[in-house]
There are 2 protein chains.
Amino acid sequence: MPQPDDRRDDLGALLHRLVRRVLELETPLLAARGVEMWDYAVLAALESGPAQTQARLAAAIGRDKTRLIASLDRLEGRGLVAREPDPADRRNRIVTLTPDGRALLAGCRADVRAMEEGLLADVPADDRAAFLRTLLRVAPPPAG
Amino acid sequence: MPQPDDRRDDLGALLHRLVRRVLELETPLLAARGVEMWDYAVLAALESGPAQTQARLAAAIGRDKTRLIASLDRLEGRGLVAREPDPADRRNRIVTLTPDGRALLAGCRADVRAMEEGLLADVPADDRAAFLRTLLRVAPPPAG
DNA sequence: TATTGTTATACTCTATAACTATA
DNA sequence: TATAGTTATAGAGTATAACAATA
């Protein structure tokens, strides 16, 4: 029996619980591959192509540019990404995924998707589709 | 045209963006009534009845018992909740919502629900229902 | 002067472990 | 001794502002 709508938990409470659960499941998967959560976010953001500036990359994953630097240092140190000065404007650093980075990303993503599959296993297919569709509509990626 | 499923953002990224957006919209509404986010979570958790112990209340809202205390101090100082020793075991403090607390909660909740309504305005009714149903199924409230 | 990346500083949040009072 | 609540301490995360290089 469904809850009357005015008695349900707030969206904030529902989302908070779900985010915590996803993080609990996801963190150990990434740690097993030596990757922290934000490092993974960086790798994933670079999959579709290089970032023209670090500031743009930071915005794409919803972080501050200053806090991105530790992730980039780690990833560059492991040869997973490369930072090259933009010849056209040498203030900018173009960040690209290396082949090793792409391979690691593929492994991480496979693990994460399997985790998500398990999480949503009990949800009927059409509810799942509506769920993802709604998430994408209500929280679209930043323009660009 | 829908994204192919393997190209969509991870659930973590989608949820992170949405939580941030909800928080951005919700925080000023609560601040206008002099309430912080976690204070509101406490009030909401007490709506259905008193908490028999502070530890149980903390668990209900997904927080540590030590971090609950500042909220309770604030709320008790404003006469919105009451902490009374349990006569049966005086180590426990029973936390109850006062009439003032209940009134403030009603106002906050109305504001929050209106915000949610606006956020989901573009989402078709059946998708919205599936969305909330799925959230509740995948991140159910803690037992008790 | 303005901007990119970087570093440094302070501030908040969180986790852990003591401490007290009851049992 | 064990537990509920409280307090204190240290650590991580975050925001802000300064700094160096380049435009």
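Residue A:R56 is classed as having no contact, given no heavy-atom separation below 4.0 Å to the nucleic acid. Residue contacts shown for A:R63 are limited to sugar-phosphate atoms, with no base heavy atom under 4.0 Å away.
Rounded to whole Å, the distance from CG on B:D64 to P on C:dT16 is 8 Å. Following rounding to the nearest Å, A:E84 (CD) and C:dT4 (C1') show an atom-to-atom distance of 16 Å. With rounding to whole Å, A:E76 atom CD is found 13 Å from C:dG5 atom P. In this structure, CD of A:E36 is placed 11 Å from P of D:dA12, rounded to the nearest angstrom. The separation between A:R67 atom CZ and C:dT6 atom C1' is 15 Å, rounded to whole Å. Rounded to an integer number of Å, the gap from A:L57 CG to C:dT4 P is 14 Å.
The one candidate from A:D127, A:D126, A:D122 that meets the salt bridge (Lys or Arg N to Asp or Glu O under 4.0 Å) condition with B:R133 is A:D127.
Between the side chain of B:R91 and the base of D:dT3 there is at least one donor-acceptor pair of N/O atoms closer than 3.5 Å.
Ranked by how close their nearest DNA chain D nucleotide is to the 5' end, A:D86 and B:R93 are led by B:R93. Of the two residues near DNA chain C, A:R20 and A:K65, the one whose nearest nucleotide lies more 5' is A:K65. A residue-by-residue look at A:A55 and B:T66 shows that A:A55 has its nearest nucleotide of DNA chain C further toward the 5' end. Both A:D89 and B:I69 lie close to DNA chain D; mapped to their nearest nucleotides by heavy-atom distance, the more 5′-ward contact belongs to B:I69.
Under the 3.5 Å distance criterion, with hydrogens and angles disregarded, no donor-acceptor pair is assigned to the side chains of A:D100 and A:T98. With 3.5 Å as the limit, one finds no donor-acceptor pair spanning the side chains of A:N92 and A:T53.
Considering only heavy atoms from C-beta on, B:L11 stays 4.5 Å or farther from A:L18 through its side chain.
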